[in-house]
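Notes for the one structure printed next.
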Amino acid sequence: GAVVSQHPSWVICKSGTSVKIECRSLDFQATTMFWYRQFPKQSLMLMATSNEGSKATYEQGVEKDKFLINHASLTLSTLTVTSAHPEDSSFYICSATGPGTGGIYEQYFGPGTRLTVT
Amino acid sequence: AQSVTQLDSQVPVFEEAPVELRCNYSSSVSVYLFWYVQYPNQGLQLLLKYLSGSTLVKGINGFEAEFNKSQTSFHLRKPSVHISDTAEYFCAVSVNNDMRFGAGTRLTVKP
């Protein structure tokens with residue numbers, strides 16, 4: 001149980017375009033979802049936290065107009081990188097938590113999405 | 001806010017040798033502690049977690065960790081490593097579901 005998927009697993013886009021990444025909880029209701037960014041050989045940095053039906057809370061230094069997060073349902077959150085540039089190239093990982101997962105205060109992580117902006 | 005320090009960025013070890021990956025945390029309130037493993041181009045897999053109770057926590061793949069409140073540590077250990085344990089390991093601390101990660105330790109198991 002407590003499986004989180006991400007789609008796509010990798011994406012290449014041209015500079016200036018937008019790309020959407022989906023994060024789904026497959027077998028539980030995700031009341032809270034998190035988006036992380038990971039640069040090569042570095043740790044995960046929390047970008048934002050979103051609760052279903054509410055606006056996301058962004059970490060300091062994360063541009064909310066560039067990284068649009070939507071958590072419209074209890075099983076789906078999306079991250080849209082708008083007007084992407086090469087410096088946005090990174091590994092994006094989502095996680096989710098919710099009641100009934102059996103792991104209180106535990107986040108379940110998706111497999112990640114590799115974004116390359118050319 | 002809470003924070004995590006992983007004391008070793010890289011740990012090389014020979015196959016079948018024991019290993020310890022060190023983690024210290026800082027927090028003014030009670031915390032939950034986690035160890036995750038990450039293989040290349042993959043997400044995080046939970047190895048083990050400490051929420052409460054026994055300070056010695058056993059996880060998957062033969063790993064265990066001990067919570068030491070006085071030393072604010074949560075070191076990960078395995079008595080005998082395999083080649084397949086080569087990966088990046090992250091220690092994480094959570095307060096009210098706000099999870100912060102250490103910089104990671106690259107474990108390399110050599111034959």
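Predicted, not measured: the structure shown is a model, and the values here were computed from it. Just so we're on the same page: letters track the sequence lines, and every chain starts at 1.
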Count I, L, V, M, F, W, Y as connected when their side-chain heavy atoms are under 4.5 Å apart, and connections chain through other members. Are [X] and [Y] then in the same cluster?
{"X": "L48(B)", "Y": "V19(B)", "result": "yes"}
{"X": "L47(B)", "Y": "L107(B)", "result": "yes"}
{"X": "Y32(B)", "Y": "V93(B)", "result": "no"}
{"X": "V37(B)", "Y": "F101(B)", "result": "no"}
{"X": "F91(A)", "Y": "I21(A)", "result": "no"}

If you measure from [atom1] on [X] to [atom2] on [Y], what distance do you get to the nearest 0.5 Å?
{"X": "Q107(A)", "Y": "F34(B)", "atom1": "CD", "atom2": "CZ", "result": "7.5 Å"}
{"X": "F109(A)", "Y": "L46(B)", "atom1": "CZ", "atom2": "CG", "result": "9.0 Å"}
{"X": "L44(A)", "Y": "Q38(B)", "atom1": "CG", "atom2": "CD", "result": "6.5 Å"}

task: With a 4.5 Å cut-off on heavy-atom pairs, point out which of Q38(A), R114(A), Q42(A) contacts chain B the most.
output: Q38(A)
- request: For each of R106(B), Q42(B), Q6(B), tally heavy-atom pairs with chain A at distances under 4.5 Å, and name the one with the top tally.
  value: Q42(B)
- prompt: Around atom NZ of K66(A), are there more than 12 heavy atoms of other residues, nucleotides or ligands at under 6.0 Å?
  reply: yes
query: What do you reckon, is NE2 of H85(A) surrounded by more than 12 foreign heavy atoms closer than 6.0 Å?
result: yes
Under 4.5 Å from a heavy atom of chain A, the part of [X] involved:
{"X": "F90(B)", "answer": "side chain"}
{"X": "Q45(B)", "answer": "neither"}
{"X": "R100(B)", "answer": "side chain"}
{"X": "L44(B)", "answer": "both"}

Chain B contact via I93(A) - which portion, at a heavy-atom distance below 4.5 Å: side chain
message: Less than 4.5 Å to any heavy atom of chain B: does that hold for the side chain of Q6(A), its backbone, both, or neither?
response: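 Answer is neither: Q6(A) stays 4.5 Å or more from chain B.
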- prompt: Within the side chain of S43(A), is there an N or O that forms a donor-acceptor pair under 3.5 Å with the backbone of G102(B)?
  reply: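 Indeed, once roles are kept as given, a pair shorter than 3.5 Å links the two residues.
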